[in-house]
*Asks:* 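After the structure tokens below, expect a handful of questions from me.
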Amino acid sequence: MEYNFKELEAKWQQEWQKQQTYQVKVDSSKPKFYVLDMFPYPSGAGLHVGHPLGYIASDIYSRYKRLCGFNVLHPMGYDAFGLPAEQYAIQTGQHPAVTTEQNVTRYRSQLDKIGFSYDWSREVRTCEPEYYKWTQWAFLEMFSHYYDNTLGKAEKIEKLIAHFAEKGTEGLNVACSEQLSFTAEEWNSWSEKKREEVLHNYRLAFRADTMVNWCPALGTVLANDEVKDGLSERGGHPVVQRKMKQWLLRVTAYAPRLLEGLDKLEWSESLKEIQRNWIGKSTGAQVFFDIEGSDKKLEIFTTRPDTIFGVTFMVIAPEHEWVKELTSSDAQNEVEAYLEATKKRSERERIAETKRVSGVFTGSYAINPFTGKRIPIYVSDYVLAGYGTGAIMAVPAHDSRDWAFAKHFGLEIIPVVEGGNVEEASYDAKEGKLINSDFINGLDVKVAIERMWDEIEARGLGKRKVNYRLRDAIFSRQRYWGEPFPIYYKDDVAYPLSLDALPLELPEVEKFTPTAEGEPPLARSEKWQTAEGYPYETSTMPGFAGSSAYYLRYMDPHNSEALVSSEANEYWRNVDLYVGGIEHATGHLIYSRFWNKFLYDLGYICEDEPFKKLVNQGMIQGRSNFVYRVVGTNKFVSLGLRKEYETQEIHVDVNIVKNDILDLDAFRAWRPDFADAEFILEDGKYVCGWAIEKMSKSMFNVVNPDYIVDNYGADTLRMYEMFLGPLEQSKPWDTNGIDGVHKFLRRFWSKFFDKAGNFVVTDEEPTPAELKTLHKTIKKVREDIENFSFNTSIAAFMICLNELGQCNKRAILEPFAVLLSPFTPHISEELWHLLGNEGSVCDAHYPEFNPDFLVENSFEYPVSFNGKMRFKKSLPLGISTEEIQALILADEQTLKYTEGKTPKKVIIVAGKIINIVL
RNA sequence: GCGGAGAUGGCGUAAUUGGUAGUCGCGCCAGACUUAGGAUCUGGUGGCGAGAGCCGUGUGGGUUCGAGUCCCACUCCCCGCACCA
């Protein structure tokens with residue numbers, strides 16, 4: 001019988017759907033396992049072969065775990081709010097909900113064709129009110145909590161209010177935007193409006209005037225991780241810095257926990273490192289410098305307090321709040337001109353011109369607290385307002401940026417650490433002995449840093465301090481297609497909606513563009529206000545809002561009382577395996593960890609980290625094909641002959657090329673201008689050139705999984721994507737090898753049938769050799785799946801099939817089919833039933849490895865003489881070292897190599913002769 | 001500049017973790033069956049050499065009886081961060 005993948009795949013996909021084979025329930029009699037894919041944004045282009053790579057891997061693992069007796073939660077859904085649908089709506093007037101629905105339908109049919117074992121009854125879509133109700137709910141919880149640094153957790157805002165009413169800010173150690181200081185009397189005397197303003201300084205979801213990344217082309221603000229090199233990640237539009245009132249999430253409150261939590265996670269080192277860099281912890285000290293002729297003290301942050309004797313100037317950021325005060329009247333014009341010039345430069349220009357030194361002297365001086373020296377204060381944009389205090393002590397001898405600045409302005413450079421030549425370059429290394437530094441002379445840098453921290457604190461000049469590079473996440477977007485904020489305004493004060501008013505549903509609007517006044521599209525709706533007529537917030541939430549807790553919702557997707565019930569949460573806990581792209585390293589994967597930790601603090605969930613193990617699948621690149629047109633003609637010359645002509649390289653659709661051989665008729669039919677193309681062939685074929693490029697429409701190298709499924713079947717696609725190489729590695733999509741995998745499946749299938757197509761599996765006892773082959777494969781495949789080494793386990797299957805030869809015994813073939821089923825669910829299901837089994841192959845027990853079948857009577861070991869000549873010897877098992885030595889020395893082959901000499905040394909490791917030294 | 005990961009036949013990859021480098025697949029070569037082959041099956045296939053053999057895991061050193069694997073230095077490619085004080 002022929003392997004008719006089309007028929008049997010359709011048959012089983014329908015059957016699985018009918019039987020709801022993959023639905024799971026809480027079952028405390030079984031251990032749970034939660035396997036999650038990063039849910040896709042349903043774009044209009046549909047899936048290409050790169051998308052399913054991770055899905056296939058996680059599906060294999062899910063099926064494997066299920067066969068091993070785990071109750072596996074393996075859900076799927078859609079990250080359905082987003083910019084592309086909205087932009088499409090602006091262009092076409094079609095409601096984003098409509099296009100999103102269409103795209104979701106397309107995605108679903110593509111996913112179904114590949115035979116995934118998702119429990120679709122748990123599907124979530126972030127754009128549905130039943131879902132975003134819980135996004136809004138979490139936001140309100142953040143709004144009504146603050147972060148207590150001493151307790152290390154989020155607390156109710158009422159507790160803070162009570163503290164203010166009783167003691168003001170005294171004794172507070174809480175996360176805030178700005179260090180405020182007020183008394184209980186002051187607090188109690190303030191108006192409600194003033195108090196609300198102050199509370200925003202502490203809330204975990206809060207409103208503030210901040211410098212934001214404003215993208216004029218998109219008409220919205222963007223988070224730091226949505227901006228790359230001064231351009232928007234989506235669309236590549238320029239981004240400028242602007243001060244605006246926005247909603248933010250106080251992610252920075254959780255920075256220490258986000259950092260520490262990484263150590264416990266089974267994530268790749270590179271991904272953890274990306275997050276560590278993004279969080280950017282640096283341990284240093286704040287130091288206050290007196291300002292000459294002022295009672296103010298300039299606060300700076302430094303990680304190198306040991307170099308304080310080498311400070312020869314100070315620099316403050318152009319946005320520093322004291323710039324005006326510190327500017328003397330003589331310097332005023334120059335400073336103002338400088339501020340004006342820096343303001344005009346966009347973020348992009350600023351990045352591009354990092355090498356150019358610029359700045360001006362303010363005319364004021366600070367006093368070095370250790371030397372008493374006068375040091376000039378400069379303004380320069382190489383100091384960033386947003387990091388530390390926006391002011392630095394400059395040590396040109398040991399900081400390359402300060403060095404460049406000092407050279408440019410002819411400032412003094414005093415070396416304080418031995419080791420470099422500060423005339424030529426700064427010596428930035430944190431090693432060497434201190435010089436020119438009074439009481440720390442002779443100390444090693446690391447010792448000196450510790451010593452100075454103590455000294456600074458003892459003299460009351462400042463404190464040790466930890467700074468983070470991580471910024472609070474800007475949480476509002478001036479867009480339509482996102483979650484509305486459950487917030488209304490009264491007298492410009494933001495008030496939360498009550499929980500029973502949720503979800504606050506997106507209103508209909510006529511157009512999806514900003515209003516003429518530049519208000520977000522929601523302002524177009526006249527109904528966008530409370531019953532009392534107070535206006536709702538018109539911004540919507542960003543893309544990461546909906547994806548921050550979706551893994552929790554899958555546990556209990558239809559619960560209308562809670563995000564997730566505690567029963568469901570205590571059973572499923574957190575994600576055991578998360579598979580997805582590395583591009584979310586500094587976005588989604590930070591925000592959802594923050595979100596999770598926050599909900600954990602409030603006691604809604606029982607795990608502090610959302611994703612225990614995370615695997616990043618590599619990117620699938622495109623493999624483009626080229627044809628070579630002889631310039632000025634419609635003749636196309638094959639790759640090997642193109643040197644003889646002057647040719648022009650043209651991308652050709654990879655779907656009409658097979659193994660780099662062009663389908664000539666398909667090519668003529670491809671485009672009208674090639675209809676009468678002529679070809680110069682080599683060996684009767686047209687060979688195309690190729691290159692590895694990004695998979696994109698314009699390169700004609702997009703391979704749609706549907707095409708592979710139609711021509712080879714889903715099982716072949718699944719196996720082939722895994723066979724391509726290690727999962728984590730980026731690799732080009734190359735269909736050239738797909739025949740090998742397809743051939744394997746056909747050969748496997750044909751084992752069950754004779755030439756006439758009769759089912760011929762026998763109940764004969766397997767031979768020891770057959771059992772050995774089977775169990776060797778079981779061992780290898782189990783180990784490889786556990787290690788996510790799917791490509792090598794496929795190789796093991798292929799070897800097994802070759803070794804089995806003509807074997808058609810049930811005792812071998814049935815376990816083989818089950819072993820293979822995570823990779824090839826359809827063919828395995830069909831064979832499982834042909835073998836007379838009921839139910840589904842996914843309820844079978846995964847074959848256990850039995851070491852008894854691998855027992856050998858003898859073992860082989862390599863023998864080398866002086867590390868040169870080698871041969872393989874076979875000896876019986878379980879003999880002593882002395883016996884081995886005796887056998888070796890009496891052996892003819894050995895004597896040949898020793899030429900009758902007695903070896904000086906016989907090296908035996910773990911019972912094996914490793915080498916014989918003459 | 002800082003940090004991470006990597007480099008093995010014509011190609012994608014593998015190597016019991018220090019023990020005969022090249023598993024599996026593609027491609028290629030030969031053969032079988034065929035009117036035919038872009039189907040199927042069988043065998044071969046790192047390079048050089050007629051041969052015995054020699055050389056081979058980015059480069060150069062080192063440790064070891066023995067190194068793709070461990071150590072040192074370097075080169076190149078990919079990725080992340082980047083005036084972060």
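Letters go in sequence order (proteins before strands), and every chain restarts at 1. In this text, all values refer to a predicted model and were calculated from it rather than measured experimentally. The analysis underlying the following values was restricted to heavy atoms, covering all of them including side chains, and did not include hydrogens, waters or symmetry mates.
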*Asks:* Is any side-chain N of the basic residue among A:Lys772 and A:Glu803 closer than 4.0 Å to the acidic one's carboxylate O?
*Replies:* no

*Asks:* Answer yes or no for A:Arg593 and A:Trp267: cation-pi contact, defined as NZ/CZ to six-membered ring centre under 6.0 Å and angle to ring axis within 45°.
*Replies:* yes

*Asks:* Sticking with atom P, work out how far B:rA7 lies from B:rC81, rounded to a whole angstrom.
*Replies:* 24 Å

*Asks:* Within this structure, what is the CZ-to-P distance between A:Arg276 and B:rC2, rounded to whole angstrom?
*Replies:* 19 Å

*Asks:* Classify the glycosidic conformation of B:rU17 as syn or anti, calling it syn when the angle lies within 90° of 0.
*Replies:* syn

*Asks:* Heavy atoms from C-beta onward define the side chain here; which of B:rU40, B:rG80, B:rC81 lies closest to that of A:Arg469?
*Replies:* B:rC81

*Asks:* If each of A:Gly390 and A:Asn277 is mapped to the nucleotide of RNA chain B with the nearest heavy atom, which maps nearer the 5' terminus, i.e. the 5' end?
*Replies:* A:Asn277

*Asks:* For the pair made of CG in A:Leu298 and P in B:rA85, what is the distance, rounded to whole Å?
*Replies:* 18 Å

*Asks:* Given the C1' atoms of B:rC28 and B:rG47, what is the spacing between them in whole Å?
*Replies:* 16 Å

*Asks:* Can you check the A:Tyr468 OH to B:rC81 P distance for me, whole Å?
*Replies:* 20 Å

*Asks:* Can you tell me if A:Asn787 and A:Arg782 form a side-chain donor-acceptor pair at under 3.5 Å?
*Replies:* no

*Asks:* Quick one: A:Phe823 CZ to B:rG25 P, roughly how many Å, whole number?
*Replies:* 16 Å

*Asks:* Under the side chain to side chain contact (heavy atoms under 4.5 Å, CB included) rule, what do A:Phe797 and A:Leu819 come out as? Steps first, then yes or no, please.
*Replies:* CA-CA 9 Å; A:Phe797 283 123; A:Leu819 201 64; 3.8 Å; yes

*Asks:* Any cation-pi pair here, A:Lys779 with A:Phe849, using under 6.0 Å and within 45°?
*Replies:* yes

*Asks:* Looking for any heavy atom pair under 4.0 Å, which part of the strands does A:Arg471 touch: base, sugar-phosphate only, or nothing?
*Replies:* base

*Asks:* In terms of side-chain heavy atoms of A:Met798, which of B:rG25, B:rC41, B:rG80 is nearest?
*Replies:* B:rG25

*Asks:* I need the CE-C1' distance between A:Met619 and B:rG80, as an integer number of Å.
*Replies:* 13 Å

*Asks:* What closest approach, in Å, do A:Arg471 and A:Arg469 show between heavy atoms, and which atom pair accounts for it?
*Replies:* NE-O, 3.1 Å

*Asks:* Pick the P atom in B:rC72 and in B:rA5, then give their distance to the nearest Å.
*Replies:* 14 Å

*Asks:* By the 4.0 Å heavy-atom rule, please label A:Glu269 as base, sugar-phosphate, or nothing.
*Replies:* nothing

*Asks:* Mind checking the C1' distance from B:rG46 to B:rC11? Whole angstroms is fine.
*Replies:* 13 Å

*Asks:* Counting only side-chain heavy atoms from C-beta out, which of B:rC24, B:rG4, B:rU40 sits nearest to A:Lys743?
*Replies:* B:rU40

*Asks:* Between A:Ser730 and A:Ala391, which is nearer to the 5' end of RNA chain B once each is assigned its nearest nucleotide?
*Replies:* A:Ser730

*Asks:* Using a 4.0 Å heavy-atom cut-off, does A:Asn802 contact any base of the nucleic acid, only the sugar-phosphate backbone, or nothing at all?
*Replies:* sugar-phosphate

*Asks:* So which nucleotide from B:rU40, B:rC81, B:rA14 ends up closest to the side chain of A:Trp278?
*Replies:* B:rC81

*Asks:* For A:Thr307 and A:Met452, run side chain to side chain contact (heavy atoms under 4.5 Å, CB included): C-alpha distance rounded to whole Å, both residues' side-chain angles, the deciding distance at 0.1 Å, then the answer.
*Replies:* CA-CA 9 Å; A:Thr307 61; A:Met452 283 306 287; over 6 Å; no

*Asks:* Calculate the interatomic distance between A:Glu299 atom CD and B:rA85 atom P; express it in whole Å.
*Replies:* 16 Å

*Asks:* Strictly below 4.0 Å: does A:Ser282 bring a side-chain N or O up to OP1 or OP2 of B:rA85?
*Replies:* yes

*Asks:* Side chain of A:Ser426, backbone of A:Pro396: donor and acceptor closer than 3.5 Å?
*Replies:* no

*Asks:* Between B:rG12, B:rA14, B:rG4, which nucleotide has the shortest distance from any of its atoms to the side chain of A:Pro726?
*Replies:* B:rA14

*Asks:* Taking A:Asn368 as the fixed residue, which of A:Thr312, A:Val311, A:Val287 is the one that meets the side-chain contact (heavy atoms from CB on, under 4.5 Å) rule?
*Replies:* A:Val311

*Asks:* Return the value, rounded to whole Å, for the distance between atom CG of A:Leu727 and atom C1' of B:rG6.
*Replies:* 17 Å

*Asks:* Write down the distance separating the C1' atoms in B:rU57 and B:rG18, rounded off to the nearest Å.
*Replies:* 15 Å

*Asks:* Quick one: stems for RNA chain B, with Watson-Crick or G-U pairs under 3.5 Å, at least three in a row?
*Replies:* B:1-4 with B:78-81, B:10-12 with B:24-26, B:27-32 with B:40-45, B:46-48 with B:53-55, B:58-62 with B:70-74

*Asks:* In whole Å, measure the gap between the P atoms of B:rU69 and B:rU8 for me.
*Replies:* 13 Å

*Asks:* Decide whether A:Thr252 and A:Asp472 meet the rule of one side-chain donor and one side-chain acceptor closer than 3.5 Å.
*Replies:* yes

*Asks:* Please give the distance between the P atoms of B:rA30 and B:rA39 as a whole number of Å.
*Replies:* 16 Å

*Asks:* Compare the minimum distances between each of B:rA85, B:rC83, B:rG25 and the side chain of A:Tyr382, then state the nucleotide with the smallest one.
*Replies:* B:rC83

*Asks:* For B:rA15 versus B:rG22, give the span between their P atoms, rounded off to a whole number of Å.
*Replies:* 14 Å

*Asks:* Looking at the side chain of A:Phe723, which of B:rG25, B:rA85, B:rA14 is the nearest nucleotide?
*Replies:* B:rG25

*Asks:* If I take atom NZ in residue A:Lys731 and atom P in nucleotide B:rG25, what distance separates them, rounded to the nearest angstrom?
*Replies:* 19 Å

*Asks:* Going by a 90° cut-off around 0, is B:rG61 syn or anti?
*Replies:* anti

